[in-house]
Protein chains: 2
Amino acid sequence: MMNVNIKALLTNFVNLTEEEWLVLSASLVTKQYKKGDYLLKENDYCNHVGFVDKGFFNFYYLIGGVEHIRGFFFPNEFISNYPCFLLENKSKFYIQALEDCSVTLIHRNDLLMLYEKLPKVQVLSRKIVENLYMEVSGKYESFFLNSPEERYLELINKRPNFLQRVPQYMIASYLGMTPEGLSRIRKRNS
Amino acid sequence: MMNVNIKALLTNFVNLTEEEWLVLSASLVTKQYKKGDYLLKENDYCNHVGFVDKGFFNFYYLIGGVEHIRGFFFPNEFISNYPCFLLENKSKFYIQALEDCSVTLIHRNDLLMLYEKLPKVQVLSRKIVENLYMEVSGKYESFFLNSPEERYLELINKRPNFLQRVPQYMIASYLGMTPEGLSRIRKRNS
DNA sequence: CACACACATTGATCCGGGTTAAGAAATAAA
DNA sequence: TTTATTTCTTAACCCGGATCAATGTGTGTG
């Protein structure tokens, strides 16, 4: 089941006793999304954080009718609009399922409750954010230090089977260029 | 004194009792840096995190003899190479004092010790990282969503007295463009 | 099968910022 | 103040990717 997945995932961060896991998992809910469904829309409040069990999502800003894709959420990855979750702001981006998906979520209220009940969840949360921070720092750096071409090559190197499942124009958008631009890069490196 | 500053700062995140503060502050050390000094160099290990008391720093990557400035650390801001601190990796960038500076630091070992001794430090740490995450997320977004021109205007709007203290070419580097490019933008908007 | 629609490629042109190089302005040093 | 050094501006040229537009390729639907 999904809970096995999640449990293993969280155990990478902290060791949970069986009782602790029972308390924690009582707050988890599993939700299904069909391809094209939205986990979050612009102006929604983001009251959950979670992990992707199956399928994958992207998130994008809609500006002047154009989708600016800023990232993807893959299986076993954290999923949320975390800044909005923390600040209780309206989301400025969309999170959309690119395939049929399953995610395991926890509501803010339950998380805050767990912070009180289980000190280890504090540690867990800290370590998860630390990882998020390292990830986004890395992406930020690479955006300055590498050319679009290098970023493209880095991407297909890092996730070989990733390209096959995502249309070209999304990757282009993710890399901050036009589909035409990406097409030319591909031509050069073939 | 500096400790008053820091205490106030930390109290924004968690309420510390007097005893807790005494335990925590016993691990804090204050260090002075003259203009031009390095708080961290490439290939150094980063064993401390801290806050800036006075003055300010920048951090930059040195690539092919060129400094790529990626950010600044201002008074009352967190300062570290946090990914390297966490992973115990060698730093890939420099942190340099742009004025005479004073910082309050804590060593990794002391922080880990405090995690055990004072559960509130777990909370504190989590909240600090959450803020770091939100900040870098914002910078990352703005890099895609705004033109260089917009980013420049946003910057001088956000930190009016900031420009005066930093040479143009550093701001250009920070914005990911050449000094010449920034000069043209300035001309356009004058 | 034929058709429609979404996606990818290619070509022509445009444009912003990079690059190079020179000169002006400001700041520091003598 | 004069000189030297750093910083900033300006101009000429170049180049990569954006834009616009047309064509090609594919996939699924009636």
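Each chain gets a letter, A, B and so on, in the order the sequences are listed, and its residues count up from 1. Quick caveat, the model's predicted, so the values are computed rather than measured.
Distance from the side chain of T178(A) is smallest to dT19(D) among dA8(C), dG17(C), dT19(D). If you check dG17(C), dC8(D), dC7(C) against the side chain of Q168(B), the one that comes closest is dC8(D). Closest contact between the side chain of S183(B) and the listed nucleotides dT9(D), dA18(D), dA8(C) involves dT9(D). Comparing dT10(D), dT10(C), dG18(C) by their nearest atom to the side chain of M177(B) picks out dG18(C). Minimum atom distance to the side chain of K187(A) is reached by dT10(C), of the listed dG17(C), dC8(D), dT10(C). For E180(B), the listed nucleotide lying nearest its side chain is dA21(C); candidates were dA12(C), dA21(C), dG18(C).
Rounded to whole angstrom, the span from the CG atom of L175(A) across to the C1' atom of dG16(D) amounts to 15 Å. Separating the CD atom of E67(B) from the C1' atom of dT6(D) is a distance of 14 Å, rounded to the nearest angstrom. L182(A) places its CG atom 16 Å from the C1' atom of dT19(D), with the value rounded to the nearest Å. I171(A) places its CD1 atom 11 Å from the P atom of dT9(C), with the value rounded to the nearest Å. Between the C1' atom of dG18(C) and the CD atom of E149(B) lies a distance of 16 Å, rounded to the nearest Å. Rounded to whole Å, atom P of dG16(D) lies 17 Å from atom CG of N146(A). Between the CD1 atom of I185(A) and the C1' atom of dT10(C) there is a distance of 15 Å, given to the nearest Å. As a whole-Å value, the separation of Y169(B) OH from dT9(D) C1' is 16 Å.
We find that R184(B) and E180(B) are not joined by a salt bridge, their nearest charged nitrogen and carboxylate oxygen being 4.0 Å or further apart. Using a 4.0 Å cut-off between charged nitrogen and carboxylate oxygen, K7(A) and E18(A) count as a salt-bridge pair. Between E99(A) and R165(A) a salt bridge is recorded (basic side-chain N to carboxylate O distance below 4.0 Å).
In terms of polar N and O atoms assigned as donor or acceptor, the side chain of R184(A) comes within less than 3.5 Å of the base of dG11(C) in a complementary pairing.
The environment of NZ in K92(A) is sparse: at most 12 heavy-atom neighbours from other residues, nucleotides or ligands sit within 6.0 Å.
Close to dT9(C), at under 4.0 Å from its OP1 or OP2, lies a side-chain N or O of R186(A).
In this structure a side-chain-to-backbone donor-acceptor pair under 3.5 Å is missing from S173(A) to Y169(A).
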